[in-house]
Amino acid sequence: MIHISDNPFEIRTLLQKEYCSGLKIGFVPTMGALHDGHASLIARSAAENDITVVSIFVNPTQFGPNEDLDKYPRTLDSDVAICEANGATHVFTPTETMMYPEGKENFEVIMHLRGMDKVLCGAKRPGHFDGVLLIVSRLFNIIQPTRAYFGMKDFQQLSILQTLGRELFFPIEIVPCPIIREEDGLAMSSRNRFLNTEERKQSLFLSTAISKMKAAAQPGMKADEILKIAFDMVPSYSEIRPDYIEIRRAKDLKLVEVIDPADEPRIFVAAFCGVTRLIDNQPLLD
Ligand code: AMP
């Protein structure tokens, strides 16, 4: 039977015993509403570790005041079934008070980086990554995993957390996992369930624009020439409003002006589809 706990102290005590007896602990932090993207992380962790802990917590501090915190989908029963089916041994489902006993607006420790967290989603969602850094640090200290699994779907989040882990000497291996897509190319996301039929069709703007940019890209081209391909598509998609479309270096998320394979240039797209905000990214050059 899968172990379900909502108490940070209970699960930490229990997992510390396992860690000390030499067992490897894999950790998959999520906000629930699990889909095959999450399942791939859980299954990978289960294959590589003795214990796999999935946390399910819709973290209020990473949502802005006008964002979808209240309407974010919550599907705990089916989430637990997905965890179990993919080999998770523990589910951690804390309440807001358990994770923020001092109050979600009253904490003293604030975390941010010097720059990586101010571009892309960080520029469009001010404070978002402060909330991510805080919750992931708290979760790392509660679970104390051997390895933690994050999807490349949220590439900026992954880069920021790799930096956090490295610079703060967290003794945790961060494992990047590939993006899982629907058959037609849409990156799986908990928010896809908000799309109506027309929006679902038009959501392919993101993956299609990325494919067209990849097909045209050659070393030496200006990034703007490539980005124009995506912006020129927008008028044919009535439900799409781009939030950003940019090419940045994989290593440090710095803007790329001229395409150089040494930069490992990567395309990042965020767009509203109706009122639902979707993101996607891929390497520009294969
Ligand atoms: P979330 O529940 O959206 O916070 O996501 C939890 C984890 O699942 C994060 O590491 C995400 O990057 C990852 N994830 C979400 N969607 C996908 C996907 N389509 N493919 C791979 N990983 C994903």
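All values below come from the heavy atoms of this structure, side chains included, with hydrogens, waters and symmetry mates left out. Quick caveat: nothing in here was measured; it's all calculated off a predicted structure. Atoms within each ligand, like the ligands themselves, are counted from 1 in listed order.
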Asker: Does any N or O atom in G151 lie less than 3.5 angstrom from one in ligand 1, N or O only?
Answerer: yes
Asker: Go through ligand 1 atom by atom and flag the ones less than 4.0 Å from a non-hydrogen atom of F150.
Answerer: 10 (O)
Asker: Please determine if I180 has a nitrogen or oxygen closer than 3.5 Å to a nitrogen or oxygen of ligand 1.
Answerer: yes
Asker: Report the part of L158 (side chain from C-beta onward, or backbone N, CA, C, O) that has a heavy atom under 4.0 Å from ligand 1; answer both or neither where that applies.
Answerer: neither
Asker: Considering heavy atoms of the protein only, find what lies nearest to atom 16 (N) of ligand 1 and give residue, atom and distance to 0.1 Å.
Answerer: H35 CE1, 3.3 Å
Asker: Centre of Y244's six-membered ring, under 6.0 Å away, within 45 degrees of the axis: is that where NZ or CZ of K124 sits?
Answerer: no
Asker: Number the atoms of ligand 1 from 1 as they appear, then name those within less than 4.0 Å of a heavy atom of L41, with their elements.
Answerer: 7 (C), 8 (O), 10 (O), 13 (C), 22 (N)
Asker: What residue and heavy atom of the protein are closest to atom 23 (C) of ligand 1, and at what distance?
Answerer: K153 CB, 4.1 Å
Asker: Against Y100, only a single residue in T95, N106, N59 fulfils side chain to side chain donor-acceptor pair (under 3.5 Å); can you say which?
Answerer: N59
Asker: Taking only heavy atoms of T30 into account, list the atoms of ligand 1 that are under 4.0 Å away from them.
Answerer: 2 (O), 6 (C)
Asker: Compile the donor-acceptor pairs under 3.5 Å between side chains in residues 15-34 and protein atoms, sequence neighbours left out, one pair per line.
Answerer:
unit_1 : atom_1 : unit_2 : atom_2 : d
S21    : OG     : E18    : O      : 2.9
T30    : OG1    : G32    : N      : 3.0
T30    : OG1    : S55    : O      : 2.8

Asker: By the ring-ring contact (aromatic ring centres under 6.0 Å, His included) test, which pairs, at least two apart or in different chains, include something from residues 111-143?
Answerer: F140-F170
Asker: Are I247 and L255 close enough that some pair of their side-chain heavy atoms sits under 4.5 Å apart?
Answerer: no
Asker: Between P178 and ligand 1, which residue portion shows a heavy-atom distance shorter than 4.0 Å: side chain, backbone, both, or neither?
Answerer: backbone
Asker: Any nitrogen or oxygen of M188, side chain or backbone, less than 3.5 Å from one on ligand 1?
Answerer: yes
Asker: Look at atom 6 (C) of ligand 1 and say which protein heavy atom is nearest, naming residue and atom and giving the distance to 0.1 Å.
Answerer: P29 O, 3.3 Å
Asker: Ion pair present between E264 and R249, side-chain N to carboxylate O less than 4.0 angstrom?
Answerer: no
Asker: Looking at every heavy atom in both S5 and I11, which two are closest together, and how far apart are they?
Answerer: OG-CB, 4.0 Å
Asker: Do K71 and D68 sit within salt-bridge range, that is, some charged N less than 4.0 Å from a carboxylate O?
Answerer: no
Asker: Using distance alone, with no hydrogens and no angle criterion, decide if E173 and T146 have a side-chain donor and acceptor under 3.5 Å apart.
Answerer: no
Asker: To which protein heavy atom is atom 4 (O) of ligand 1 closest, and what is the distance rounded to 0.1 Å?
Answerer: M31 CG, 3.6 Å
Asker: Please state which part of R181 comes within less than 4.0 Å of ligand 1, counting heavy atoms only: side chain, backbone, both or neither.
Answerer: neither
Asker: Provide, to 0.1 Å, the distance between atom 5 (O) of ligand 1 and the closest protein heavy atom, together with that atom's residue and name.
Answerer: H38 NE2, 3.4 Å
Asker: Check whether any N or O atom of I179, backbone or side chain, sits under 3.5 Å from an N or O atom of ligand 1, and answer yes or no.
Answerer: no
Asker: To the nearest 0.1 Å, how far is atom 12 (O) of ligand 1 from its closest protein heavy atom, and which atom is that?
Answerer: D154 OD2, 2.6 Å
Asker: Might you point out which heavy atoms bring Q156 and L253 nearest each other, and give the distance in Å?
Answerer: CG-CD1, 3.5 Å
